[in-house]
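Here is the structure we will look at.
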Amino acid sequence: MAIFTLLSWVLESGELSLSALEPSLLRTAESASVQRVAQQSEPQVRVQDAWKLVYEKLPDFPIENNYISKETGKVDPSNTLVGRLIRYHVFVKGRPPNYRFDWKLSLADYLGATPDYLVESVYPGKDVLRSNPMEQDRAAIQRLNRAQRDALVQALVDVFTENSGSGRTPAAGEKPQGRSNSPEIPQPQPGDAKLLLP
């Protein structure tokens, strides 16, 4: 029992170095830190500019930018459906922009398939446009077919992952290319528990 207490203390205190635990993990940790430094030096896509990159990837996607600005009294061409979707996803819902599942959750909000319904008082564009574009945006998303929604999700993920250095996120069912940075953890096998007996 004393050995388990000592081992527990060592692991919790951090006194045991990573290389003492597993030398192969040290190489992985070093390469991961090098990759983090490389990723930090690459330019990150700004949320405010991401909509332009999505429309480059999907030129036929509905723009829905015919709303009049409160400030200028003219149509604001930069306030687009994709721009508002991105702001809703990142700023209103606080979801990460680089995961397919999170984008699908946001689209489900627009489709009314989740308990998180769109709220008019916090919808992007409400404060800067004369009329709130929420209902028209919701209708535009509902008019999309499944293939168009999937293409939108993939374009959004690509925009945010290509600029963060991690490349294209594999679609559902695809295997990621290249080596993973995480070490292979062996799965338990039948009879492994007997190895713990004295």
Side-chain angles (χ1 to χ4, degrees), residues 28-29 31-33 35-40 42-65 79-126 132-188:
T28 304
S31 66
S33 66
Q35 184 178 10
R36 276 194 297 273
V37 170
Q39 284 179 355
Q40 289 171 353
E42 292 182 19
Q44 296 283 328
V45 67
R46 290 181 33 183
V47 172
Q48 295 83 352
D49 299 330
W51 65 269
K52 296 174 190 172
L53 300 172
V54 173
Y55 280 115
E56 286 176 14
K57 292 177 178 286
L58 303 171
D60 296 332
F61 197 79
I63 296 176
E64 300 290 324
N65 65 344
N79 201 317
T80 63
L81 171 61
V82 171
R84 291 187 296 271
L85 171 64
I86 291 170
R87 290 193 308 273
Y88 170 79
H89 180 84
V90 174
F91 299 126
V92 175
K93 298 309 285 184
R95 295 176 177 145
N98 52 338
Y99 296 109
R100 293 175 57 81
F101 180 73
D102 290 304
W103 284 109
K104 289 187 177 202
L105 282 176
S106 289
L107 287 180
D109 294 347
Y110 278 79
L111 297 171
T114 62
D116 293 336
Y117 297 108
L118 299 176
V119 178
E120 204 168 320
S121 62
V122 294
Y123 190 76
K126 175 208 173 275
N132 193 335
M134 186 184 81
E135 287 304 321
Q136 289 82 359
D137 288 355
R138 193 171 181 190
I141 295 290
Q142 289 176 346
R143 284 191 298 269
L144 300 175
N145 62 36
R146 176 177 239 146
Q148 290 170 316
R149 289 192 308 267
D150 285 342
L152 173 61
V153 167
Q154 190 60 54
L156 288 161
V157 170
D158 287 349
V159 162
F160 284 101
T161 56
E162 285 172 358
N163 290 298
S164 68
S166 58
R168 182 183 174 279
T169 300
E174 283 185 38
K175 291 191 176 187
Q177 296 178 352
R179 249 181 75 111
S180 170
N181 286 337
S182 58
E184 283 291 320
I185 300 173
Q187 296 299 313

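Fair warning: this is a prediction, and the values are worked out from it, not measured in the lab.
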Qualifying residues under salt bridge (Lys or Arg N to Asp or Glu O under 4.0 Å), relative to Arg46, sequence neighbours excluded: Asp49
Partner residues of Leu58 under the side chain to side chain contact (heavy atoms under 4.5 Å, CB included) criterion, sequence neighbours left out: Val54, Phe61, Ala151, Leu152, Ala155
Results of side chain to side chain donor-acceptor pair (under 3.5 Å) for Ser106 - residues two or more places apart only: His89, Arg95
Distance (rounded to the nearest 0.5 Å) between Gln148 CD and Ile141 CD1: 10.0 Å
CD1 on Ile86 to CG on Leu81, rounded to 0.5 Å: 9.5 Å
Any donor-acceptor N/O pair, Arg100 side chain to Val157 backbone, under 3.5 Å: no
Side-chain (Tyr55) to main-chain (Asp60) donor-acceptor, under 3.5 angstrom: no
Pro133 side chain reached by Glu64 side chain, heavy atoms, under 4.5 Å: no
Sidechain-backbone polar pair: Arg138 side chain, Leu118 backbone, donor-acceptor under 3.5 Å: no
Val82 side chain near Leu156 side chain, heavy-atom distance below 4.5 Å: yes
Contacts of Tyr110 that satisfy ring pair (Phe, Tyr, Trp, His ring centres under 6.0 Å) - sequence neighbours left out: Tyr88
Closest non-hydrogen atom pair between Leu144 and Arg149, with its separation: O-NH1, 2.9 Å
Side chain to side chain contact (heavy atoms under 4.5 Å, CB included) involving Asn132 - partner list, sequence neighbours excluded: Glu120, Tyr123, Lys126, Met134
Close side-chain approach of Leu111 and Gln142, heavy atoms under 4.5 Å: yes
Those residues that, when tested against Pro97, pass side chain to side chain contact (heavy atoms under 4.5 Å, CB included) (two or more places apart): Val90, Trp103, Phe160
Nearest heavy atoms of Lys57 and Val159, plus distance in Å: CE-CG2, 3.8 Å
Heavy atoms from other residues, nucleotides or ligands near CZ of Phe91 exceed 12 (cutoff 6.0 Å): yes
Any Leu85 side-chain heavy atom under 4.5 Å of Asp137 side chain: no
Distance-only side-chain donor-acceptor flag, Asp109 / Thr114, under 3.5 Å: yes
